[in-house]
Amino acid sequence: MSEEITKTVSLVSPELTVKKTEALSYVYKTYGEILKEAVEIMHQKGITSWVKGIKELHKYFRAKYPDLPSHYIDEAIRDAATRLKSFQKMKKKGLAYTEKPEVKQWTVSCNVNLWKLSFQGVEISTHVGRIRIPLLFHKQFYILYNSGWTLRSSCRWKIEDRKLRLYVFFRKTVKSNTNYSKVIGVDVNENNVTLFILPDHKAMTIVTNHSKIVLGYAYRRKAIHEKHAHSLRLLHVALRKLREKNVKKALRDKVASLIAKIAKKENAILVLEKLPKRFQDIVVKKNGMKSFDAHRLKQSAIRGIQNRIVKKAVEHGVKVEFINPKNTSRTCPKCGSSLNSVASNAQRRGWQPRILKCSKCGFSHDRDVIAAWNIAKKLDVSSMPWSSKGAHDPYVEWLVAMMNRKVEAQHPSLGVTRGTIIFKLRINY
């Protein structure tokens, strides 16, 4: 089974000359005008096919903008059709807040006839001919370019602060591994991601302390609002410097990449919980959470981390399955009885162990480890060629590692591990 995956790389140019900026700004502005008008007309006529849209509107826009390369008109109409289809899907789900689609931001789409990329830069077609623009190539571009990824024939660009930002797309066909020998249950929580490997009975808790990051930025934003309440411009400048979105995204990417590498090294399939949409909103409403606690949980990005894990797993050729999450953290993985809380530490100030104990067999362990164990057990593994170990093993190896943004360490038993090892336990039961 093979699947095609796509990655987007952003390249920025040095500051452009006045003539180049004016030429590109004209194309960018005109493209936006065509896009807005095309969305309006196609919405009124009920057209969502880009082929019908081009047949209906190409001559009209060609006569209105005779100096613009005609391929830009076709790309703008195609862009409008994509936006209309997306709007209709959102409206059916009840997530559209306007009567018709609105175009507030856009990037210029280019097909193979409108641009040409080289290591000297990029050539882009404009109303005054092709313009050559130097680009600042970075490490990520060269990694993808030299590791089997194919550069697509289309791109997108926009002008910001007299600089060109070019978005290029790489694609790669990856074959998913179906001959796996192990199962890894993945339990994603607010402050950690816990793995449980069967039949090895190894557990690993990757501590992210996401709640500390969320609350830290919340208090900083509150202080910034109080300090710059008199000046909206200074307020926006101070908020942009926080880089909260980038920090959270980098943390999710590191965790997802680590889990995918572990699964590939262990030749395992990943098993995740199938969580409903707006999962955090449901929990907040159920528990009556307010203020910072509600904000903390809504920003925990549990589904976001799951999505990143799935994408990284596909990129590494690792198969992913989803199971029903019912009672994964309430049932004893040994005997199936109910569990009672021994130490329920609040996760508001970061990760702490939450111990549960079985009322029947006496088994006790961390709540997240138990959940990951039950998630792994829920997968149908009757046809899998297990090794000599099984559910009767009298111990569980538990590794806890802190995920840091700057410090990196390696642990040989579980592959590449970014972070600091807190402790490693061998718990008998």
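Keep in mind that the numbers below use all heavy atoms, side chains included, and drop hydrogens, waters and symmetry copies.
A distance below 6.0 Å separates the ring centres of Trp373 and Phe196. When ring centroids are compared, Trp398 and His365 come within the 6.0 Å threshold.
With sequence neighbours left out, Ser329 forms a side chain to side chain contact (heavy atoms under 4.5 Å, CB included) with Arg367, Ala371.
Defined by atom type and a distance below 3.5 Å, a donor-acceptor pair is present between the side-chain atoms of Glu37 and Tyr60. A donor atom on one side chain and an acceptor atom on the other are found under 3.5 Å apart for Asn189 and Asp187. Using modelled atom types and a 3.5 Å distance limit, the side chains of Tyr65 and Glu33 yield a donor-acceptor pair. Arg62 and Ser70 are not linked by any side-chain donor-acceptor pair at a separation below 3.5 angstrom, with hydrogens and angles left out of the test.
Looking only at distances, no side-chain donor or acceptor of Trp157 sits under 3.5 Å from a matching main-chain atom of Leu24. Using a distance-only test at 3.5 Å, with no hydrogens or angles considered, no donor-acceptor pair links the side chain of Lys116 to the main chain of Val122. Counting only distance, with no hydrogens or angles, the side chain of Asn179 and the backbone of Asn267 share no donor-acceptor pair below 3.5 Å. Distance alone, capped at 3.5 Å, is enough to place a donor-acceptor pair between the Gln306 side chain and the Glu273 backbone. A donor-acceptor pair under 3.5 Å is absent between the side-chain atoms of His58 and the main chain of Gly53, judged by distance alone. In this structure a side-chain-to-backbone donor-acceptor pair under 3.5 Å is present from Asn111 to Asn113. Although no hydrogens or angles enter the test, the distance criterion places no donor-acceptor pair under 3.5 Å between the side chain of Lys312 and the main chain of Ile259. Looking only at distances, a side-chain donor or acceptor of Asn374 sits under 3.5 Å from a matching main-chain atom of Thr328. Remark: the backbone N or O of Glu75 is not paired with any side-chain donor or acceptor of Asp79 at under 3.5 angstrom.
For the atom pair Lys378 NZ and Lys326 NZ, the distance stands at 8.5 Å (nearest 0.5 Å). Annotation: the span from Glu102 atom CD to Arg83 atom CZ amounts to 11.5 Å, rounded to 0.5 Å. One distance of note links CG of Leu270 with NZ of Lys264; it measures 13.0 Å at 0.5 Å rounding. Interatomic distance, OH of Tyr72 versus OG1 of Thr126, reported as 7.0 Å (0.5 Å rounding). Rounding to the nearest 0.5 Å places CD1 of Ile197 at 4.5 Å from CD1 of Ile184. Arg252 CZ to Lys248 NZ: the interatomic distance, rounded to the nearest 0.5 Å, is 8.0 Å.
In this structure, Glu3 does not pair ionically with Lys175, as no charged nitrogen and carboxylate oxygen lie closer than 4.0 Å. Lys249 and Asp253 are joined by a salt bridge, as a carboxylate oxygen and a charged side-chain nitrogen come within less than 4.0 angstrom of each other. A salt bridge is defined here as a Lys NZ or Arg NE, NH1 or NH2 lying under 4.0 Å from an Asp or Glu carboxylate O, and Glu321 with Lys319 meets this definition. With respect to the salt-bridge test (charged N to carboxylate O, under 4.0 angstrom), the residues Glu160 and Lys158 qualify. In this structure, Arg221 pairs ionically with Glu244, as a charged nitrogen and a carboxylate oxygen lie closer than 4.0 Å. Checked for salt-bridge contact, Glu4 and Lys172 miss the test: no charged N lies under 4.0 Å from a carboxylate O. Using a 4.0 Å cut-off between a side-chain N of Lys or Arg and a carboxylate O of Asp or Glu, Asp366 and Arg354 do not qualify as a salt bridge.
Using cut-offs of 30° and 60° on the angle between ring planes, the pair Tyr26 and His127 is tilted.
Each of Ile375, Val320, Ile305 was checked for a side chain to side chain contact (heavy atoms under 4.5 Å, CB included) with Leu272, and the lone residue meeting it is Val320. When His138, Arg165, Arg156, Gln140 are each tested for a side chain to side chain donor-acceptor pair (under 3.5 Å) with Ser10, only one passes: Arg165.
Smallest separation of non-hydrogen atoms from Phe141 and Phe119: CE2-CE2, 4.1 Å. Nearest heavy atoms, Arg303 versus Leu275: NH1-O, 2.9 Å. Considering every non-hydrogen atom in both Ala80 and Ala38, the closest pair reads CB-CB, 3.9 Å. Annotation for Thr107 and Tyr31: closest pair O-CE2, 3.5 Å, computed over non-hydrogen atoms. Closest non-hydrogen pair, Ala268 versus Val183, comes out as CB-N, 4.3 Å. Minimum heavy-atom separation, Val174 to Val314: CG1-O, 3.2 Å.
Using a 4.5 Å heavy-atom threshold, the side chains of Phe61 and Leu68 count as separate. Within the 4.5 Å cutoff, the side chain of Phe170 has no heavy atoms near those of the Arg152 side chain. Between Leu16 and Ile159 the shortest side-chain heavy-atom distance falls below 4.5 Å. Using a 4.5 Å heavy-atom cutoff, the side chains of Val186 and Ile309 are in contact. Counting only heavy atoms from C-beta outward, the side chains of Ile262 and Met204 approach each other to under 4.5 Å. Using a 4.5 Å heavy-atom cutoff, the side chains of His210 and Leu251 are in contact.
Glu15 CD: more than 12 foreign heavy atoms inside a 6.0 Å radius. Other residues, nucleotides and ligands contribute more than 12 heavy atoms inside 6.0 Å of the NZ atom of Lys7.
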Let me see the working for Ser125 and Arg130 under side chain to side chain donor-acceptor pair (under 3.5 Å), right down to the final yes or no.
-> CA-CA 4 Å; Ser125 296; Arg130 287 213 164 193; 3.2 Å; yes
Does the side chain to side chain contact (heavy atoms under 4.5 Å, CB included) test come out yes or no for Glu123 and Leu117, once each step is laid out?
-> CA-CA 7 Å; Glu123 293 181 6; Leu117 185 68; over 6 Å; no
List the steps and the verdict of salt bridge (Lys or Arg N to Asp or Glu O under 4.0 Å) for Lys202 and Glu266.
-> CA-CA 11 Å; Lys202 291 181 179 179; Glu266 297 286 342; 5.3 Å; no
